[in-house]
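Comments concern the structure below.
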Amino acid sequence: MRKIISSLFVSLDGVAEAPDTWHFPYFNDEMGNAVGGAMAGCDAMLLGRVQYEEFAAYWPTSQDEFAGFMNDQKKYVVTNTLTEATWNNTEIISGDVAAGLHALKSSEGKDIAVTGSLTLVRSLLETGLLDQLQLFVHPIVVGKGARWFDGLDTIKLNLATSETFTTGVINQIYTPAA
C-alpha cells in the first residue's frame, strides 16, 4: 500500500505559510539531500487546490532546473471547486475525498508526496490518512502567517527520526501514534 507523506518547512513558532520569504537562507546540501531522499520514494504529488493553482501558474513556463520534474510528475489535486485541471498529468479528486484517497493509496505505485497545502495536511491528519509527517523546523520566529497546526484537535504522533543540520534546521519525521 502506498503512503501519503507530507513535508513542510516550518518556523519555530509553527508558521508554514510563505516559506519563500524566510526558508532559503537555511537551505543547504544537507536539507537538499533530505528533501531529495523523501521525494525519491514518491512518484506522485498530492496537492490542495490553492497550492495546485500556485504551482500550475508557475511551473509550466518556468525555466528552473526543477521544472521538468514538477511538470512530468503525476499530480492529484483535492478540490470540490475545480472542475478541470489544466496542468499536465493532473487528476482531480473530489466528492467523497476520503474514498478517493483510500483508492489512491491502494493503487500501484510509490508513495505520494504532499508539499505545502496546509489545509489538506490538516485534513489528512484529522482523518488518519497521513502516514508520515516530515517537518523541517527552522531556527527562526516569523511572527505572522498561517501555522500548520492551527485549527487541529489533539493528534498524537510518534517521532520516528530526528536530525539537526548545520544551519540549525531540525528534520523531524513523525508517524501516527498506534
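This structure is a prediction, so every number in the text was calculated from the model and none was measured.
- The two residues Trp22 and Ala16 come nearest to each other via the heavy atoms CZ2-CA, 4.3 Å.
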Tyr174 vs Asn158, test: side-chain contact (heavy atoms from CB on, under 4.5 Å). Steps then yes/no. CA-CA 5 Å; Tyr174 293 92; Asn158 291 324; over 6 Å; no
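- Following chains of ILVMFWY side-chain contacts shorter than 4.5 Å, one cannot reach Leu104 starting from Trp87, and the two form parts of different hydrophobic clusters.
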Evaluate side-chain contact (heavy atoms from CB on, under 4.5 Å) for Phe136 paired with Leu8, printing each intermediate quantity in order. CA-CA 6 Å; Phe136 291 97; Leu8 295 174; over 6 Å; no
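- Panel note: side chain Ser117, backbone Leu120; no donor-acceptor pair is recorded below 3.5 Å.
- Side-chain contact check for Val15 versus Phe9: every heavy-atom pair is 4.5 Å or farther apart.
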Could you go through the side-chain contact (heavy atoms from CB on, under 4.5 Å) check for Cys42 and Ile112 one step at a time? CA-CA 5 Å; Cys42 298; Ile112 304 145; over 6 Å; no
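- Rounding to the nearest 0.5 Å places OG1 of Thr79 at 12.5 Å from CD of Glu84.
- The salt bridge (charged side-chain N to carboxylate O under 4.0 Å, His left out) search around Asp43 returns Arg2, not counting sequence neighbours.
- No single ILVMFWY cluster, assembled from side-chain heavy atoms under 4.5 Å apart, contains both Val169 and Val10.
- Cluster membership check: Val35 does not share its hydrophobic cluster with Leu133, using side-chain heavy-atom separations under 4.5 Å among Ile, Leu, Val, Met, Phe, Trp and Tyr.
- The two atoms that bring Arg122 and Ala146 nearest to each other are NH2-CB, 4.5 Å, heavy atoms only.
- Two different hydrophobic clusters hold Leu129 and Ile173 under the rule that ILVMFWY side chains link at heavy-atom gaps under 4.5 Å.
- The distance from the CG atom of Asn80 to the CD1 atom of Ile93 is 11.0 Å, given to the nearest 0.5 Å.
- Note: Trp59 and Phe66 have perpendicular aromatic rings, judged against thresholds of 30 and 60 degrees for the angle between ring planes.
- Checked by atom type and distance alone, the side chain of Asn88 pairs as donor or acceptor with a backbone atom of Asn71 at under 3.5 Å.
- With Glu30 contributing its side chain and Thr166 its backbone, the two residues share a donor-acceptor pair below 3.5 Å.
- A donor-acceptor distance shorter than 3.5 angstrom exists from the side chain of Asn28 to the backbone of Met31, with no hydrogens or angles considered.
- In this structure, OG on Ser11 lies 9.5 Å from OH on Tyr26, to the nearest 0.5 angstrom.
- Contact check for Val114 versus Leu124: side-chain heavy atoms found under the 4.5 Å cut-off.
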Take Leu152 and Leu125 through the side-chain contact (heavy atoms from CB on, under 4.5 Å) test and state the conclusion after the steps. CA-CA 9 Å; Leu152 286 175; Leu125 277 168; 4.0 Å; yes
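- Of the inter-residue distances, the one linking Leu130 atom CG with Glu126 atom CD reads 11.5 Å to the nearest 0.5 angstrom.
- The ring-ring contact (aromatic ring centres under 6.0 Å, His included) test applied to Phe24 returns no partner, not counting sequence neighbours.
- Residues Leu46 and Val78 form a side-chain contact, since some pair of their non-hydrogen atoms from C-beta on lies under 4.5 Å apart.
- Checked by atom type and distance alone, the side chain of Asp13 pairs as donor or acceptor with a backbone atom of Val142 at under 3.5 Å.
- Scanning both residues, Ile170 and Ser162, for their nearest heavy atoms gives CG2-OG, 3.6 Å.
- For Asp131 (side chain) and Ile4 (main-chain N/O), a donor-acceptor pair under 3.5 Å exists by modelled atom type.
- A salt bridge links Glu53 with Arg49: the distance from a Lys NZ or Arg NE/NH1/NH2 to an Asp or Glu carboxylate oxygen falls below 4.0 Å.
- You'll find the side chain of Leu118 stays beyond 4.5 Å of the side chain of Phe149, heavy atoms only.
- Residues passing the side chain to side chain donor-acceptor pair (under 3.5 Å) test with Ser7 are Gln134, sequence neighbours excluded.
- Atom NZ of Lys75 and atom OG1 of Thr115 lie 11.5 Å apart (nearest 0.5 Å).
- Transitive grouping of hydrophobic side chains (ILVMFWY, heavy atoms separated by less than 4.5 Å) brings Leu101 and Val121 into a common cluster.
- Taking CG of Leu12 as the reference point, atom NE2 of His138 lies at 10.0 Å (rounded to 0.5 Å).
- Between the side chain of Lys105 and the backbone N or O of Gly100 there is no donor-acceptor pair closer than 3.5 Å.
- Between the side chain of Ser123 and the backbone N or O of Thr119 there is no donor-acceptor pair closer than 3.5 Å.
- Under a 3.5 Å cut-off, the side chain of Lys3 and the backbone N or O of Met1 do not form any donor-acceptor pair.
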Could you check Glu54 against Tyr52 for side-chain hydrogen bond (donor to acceptor under 3.5 Å, both in side chains), going step by step and ending with a plain yes or no? CA-CA 5 Å; Glu54 289 174 6; Tyr52 168 79; over 6 Å; no
Between Glu91 and Lys74, is a salt bridge (charged side-chain N to carboxylate O under 4.0 Å, His left out) present by the stated rule, with each step listed? CA-CA 8 Å; Glu91 289 183 34; Lys74 180 66 180 174; 2.7 Å; yes
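- Looking at Phe165 and Asn171, their side chains come closer than 4.5 Å, going by heavy atoms from C-beta outward.
- Listed for the Ser106 side chain is a donor-acceptor partner under 3.5 Å among the backbone atoms of His102.
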